[in-house]
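Nothing here was measured: the structure is a model prediction, and the numbers come from that model. We name chains A, B, ... by the order of the sequence lines, and we start the count at 1 in each one.
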Number of protein chains: 2
Amino acid sequence: MSKIELDKTDRKILEILQSDGRLSNQDIAERVSLSPSPCLRRIKRLEEAGVIRQYVALLDPDKIGLGLLAYVNVRLEKHSEGSSGGRLPAHSPRTDFAQAVSTWPEVVACYAMTGEMDFLLRVHVEDMDHFSRFMMATLLRHPAVLDVKSSFALQRIKETTALPLV
Amino acid sequence: MSKIELDKTDRKILEILQSDGRLSNQDIAERVSLSPSPCLRRIKRLEEAGVIRQYVALLDPDKIGLGLLAYVNVRLEKHSEGSSGGRLPAHSPRTDFAQAVSTWPEVVACYAMTGEMDFLLRVHVEDMDHFSRFMMATLLRHPAVLDVKSSFALQRIKETTALPLV
DNA sequence: CGTGAAACATTAGCGGC
DNA sequence: GCCGCTAATGTTTCACG
């Protein structure tokens, strides 16, 4: 569940796989100056420990017609529970909203956040038209939503899935 | 550069590769009811067209000691250019800032945004201590930065790199 | 689009440091 | 403990029908 011990070679392997997840074990082995079998054993160990969570292909949003990236701050209605003490209710506005979000394909990420706004959503859509349809027909129609503030990406300065290896 | 024509089979392939980027061509071929060679030809075409941008391994931030995810809104100083008309200056606060951001490993994403705040940064760090060091020693020390507002992720409701295929 | 064959990659077992 | 060899098995890739 928590932190894993990584030596220099492990970090090198992770760096390589974060930048090219399809390199062959042989190539990786060569780059970390190991023979294929111990290299593969390390990779397997990292996968089983959950350090490597998944291998994926990253697509270009523009090439598949998703030209607009929005970040939407959402504030939910305050639910006055009152009665049942500190217990988490099975159907709070929060859990309802979290469940709904998971089913909306436009929303690729959603975090509960500190600060005034309760949630931050990352939304990929075709254009403003699609975005406003999503807002009117889906997000603003959800009963738990109190208000929202949207911002749109004008320019991608930096964007990587590779985490810094400390 | 712009949109590419995708048929049903292409979309199926992309969906599969977005969820498992290391599946063998043979497996993919089977799942889309094709034999390996036309399947490989399609994948190669999608890679060359730039629809598939990259294959990567996704790591678990907690497992490598990056327990804190922050979103930081940054506002830059207003630069009074005045003289040189509409031309983009080679050293505006904006381009300086964009270049600096690219070199900070904690910042994994940065977008220029609409709205009051000029930039949105996604920042992965170990803990609050590391975060406040990053703020004091790096972000707030940059001459172009006017002010910042930070929020922290309390809970990951949804997080995927897979884009919805329209 | 599919077949087949050569080139290449993966992976388990075993011995050595 | 971790490394590297070997050998069987499986995969990719391309010319050709």
Side-chain angles (χ1 to χ4, degrees), chain A residues 1-60 63-65 160-166, chain B residues 3-66 160-163 165-166:
Chain A
M1 269 280 144
S2 65
K3 231 177 127 176
I4 307 284
E5 273 310 314
L6 301 174
D7 69 10
K8 220 173 169 180
T9 307
D10 289 328
R11 280 195 289 274
K12 225 166 169 181
I13 291 173
L14 291 175
E15 222 141 63
I16 292 168
L17 283 173
Q18 284 196 108
S19 81
D20 185 349
R22 283 212 84 146
L23 273 186
S24 75
N25 180 49
Q26 285 193 153
D27 281 350
I28 300 166
E30 198 176 319
R31 296 200 199 184
V32 300
S33 313
L34 231 54
S35 66
S37 41
C39 183
L40 184 65
R41 281 193 285 260
R42 278 167 184 271
I43 294 172
K44 285 271 127 68
R45 192 185 125 250
L46 293 166
E47 289 170 2
E48 268 145 39
V51 177
I52 297 173
R53 247 197 339 188
Q54 205 186 356
Y55 295 94
V56 299
L58 301 179
L59 309 189
D60 183 329
K63 297 267 165 64
I64 56 171
T160 177
T161 56
L163 301 176
L165 290 168
V166 198
Chain B
K3 230 176 127 178
I4 306 285
E5 273 311 314
L6 303 173
D7 68 9
K8 222 173 169 183
T9 306
D10 290 327
R11 280 195 289 272
K12 227 167 170 180
I13 291 173
L14 291 174
E15 222 141 64
I16 293 168
L17 283 173
Q18 284 195 110
S19 80
D20 185 349
R22 285 211 82 146
L23 271 187
S24 76
N25 181 47
Q26 284 192 154
D27 281 351
I28 300 165
E30 199 176 318
R31 295 201 199 183
V32 300
S33 312
L34 232 55
S35 64
S37 46
C39 184
L40 184 65
R41 282 192 283 259
R42 278 167 185 269
I43 294 172
K44 285 270 128 67
R45 193 186 126 248
L46 293 166
E47 288 170 2
E48 268 145 39
V51 178
I52 297 173
R53 245 196 339 187
Q54 203 186 358
Y55 295 93
V56 299
L58 301 179
L59 308 189
D60 183 330
D62 295 336
K63 296 269 166 61
I64 57 171
L66 297 174
T160 179
T161 55
L163 301 175
L165 290 168
V166 199

**Request:** Could you grab the distance from atom CZ of A:R22 to atom CD1 of B:I52, nearest 0.5 Å is fine?
**Result:** 8.5 Å
**Prompt:** Could you state the interatomic distance from CZ (A:R41) to NZ (A:K44), rounded to the nearest 0.5 Å?
**Reply:**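 Spacing of CZ (A:R41) from NZ (A:K44) equals 12.0 Å.
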Rounding to an integer number of Å, can you tell me how far [X] [atom1] sits from [N] [atom2]?
X     : N      : atom1 : atom2 : result
B:D7  : C:dC1  : CG    : C1'   : 14 Å
B:N25 : C:dT3  : CG    : C1'   : 15 Å
B:R41 : C:dT3  : CZ    : C1'   : 11 Å
A:Y55 : C:dT10 : OH    : P     : 11 Å
B:L34 : C:dT3  : CG    : C1'   : 14 Å
B:K44 : D:dT13 : NZ    : P     : 4 Å
A:I43 : C:dA9  : CD1   : C1'   : 12 Å
A:L23 : C:dT10 : CG    : C1'   : 15 Å

**Message:** With hydrogens left out and only the distance checked, is there a donor-acceptor pair under 3.5 Å joining A:S24's side chain and the base of C:dT10?
**Reply:**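 No pair found.
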**Message:** Between the base of D:dC5 and the side chain of A:S37, is there a donor and acceptor pair under 3.5 angstrom?
**Reply:**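 Pair found.
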**Message:** So that I can tick it off, tell me whether A:R53 and B:D62 are bridged by a salt bridge, with the cut-off set at under 4.0 angstrom between side-chain N and carboxylate O.
**Reply:**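 Not counted as a salt bridge, because no side-chain N and carboxylate O are separated by less than 4.0 Å.
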**Item:** Side chain of B:P36 (C-beta onward), nearest among C:dG2, C:dT10, D:dT13
**Value:**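 The nucleotide sitting nearest to the side chain is D:dT13.
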**Asked** Choosing from C:dT11, C:dC1, D:dC3, which nucleotide comes nearest the side chain of A:P38?
**Response** D:dC3
**Asked** Okay, side chain of A:Q26, backbone of A:P36: is any donor-acceptor separation there less than 3.5 Å?
**Response**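 Looks like no, no N/O pair under 3.5 Å.
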**Asked** Taking for each residue the nucleotide of DNA chain D bearing the nearest heavy atom, is the 5' side occupied by B:Q26 or by A:S35?
**Response** A:S35
**Comparing A:R42 and A:R22 on DNA chain D - which has the more 5′ nearest nucleotide** =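 Its nucleotide being nearer the 5' end, the pick is A:R42.
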**Message:** Less than 4.5 Å apart, side chain to side chain, heavy atoms only: is that true for A:R45 and A:I4?
**Reply:**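 Yes, close enough: below the 4.5 Å cut-off.
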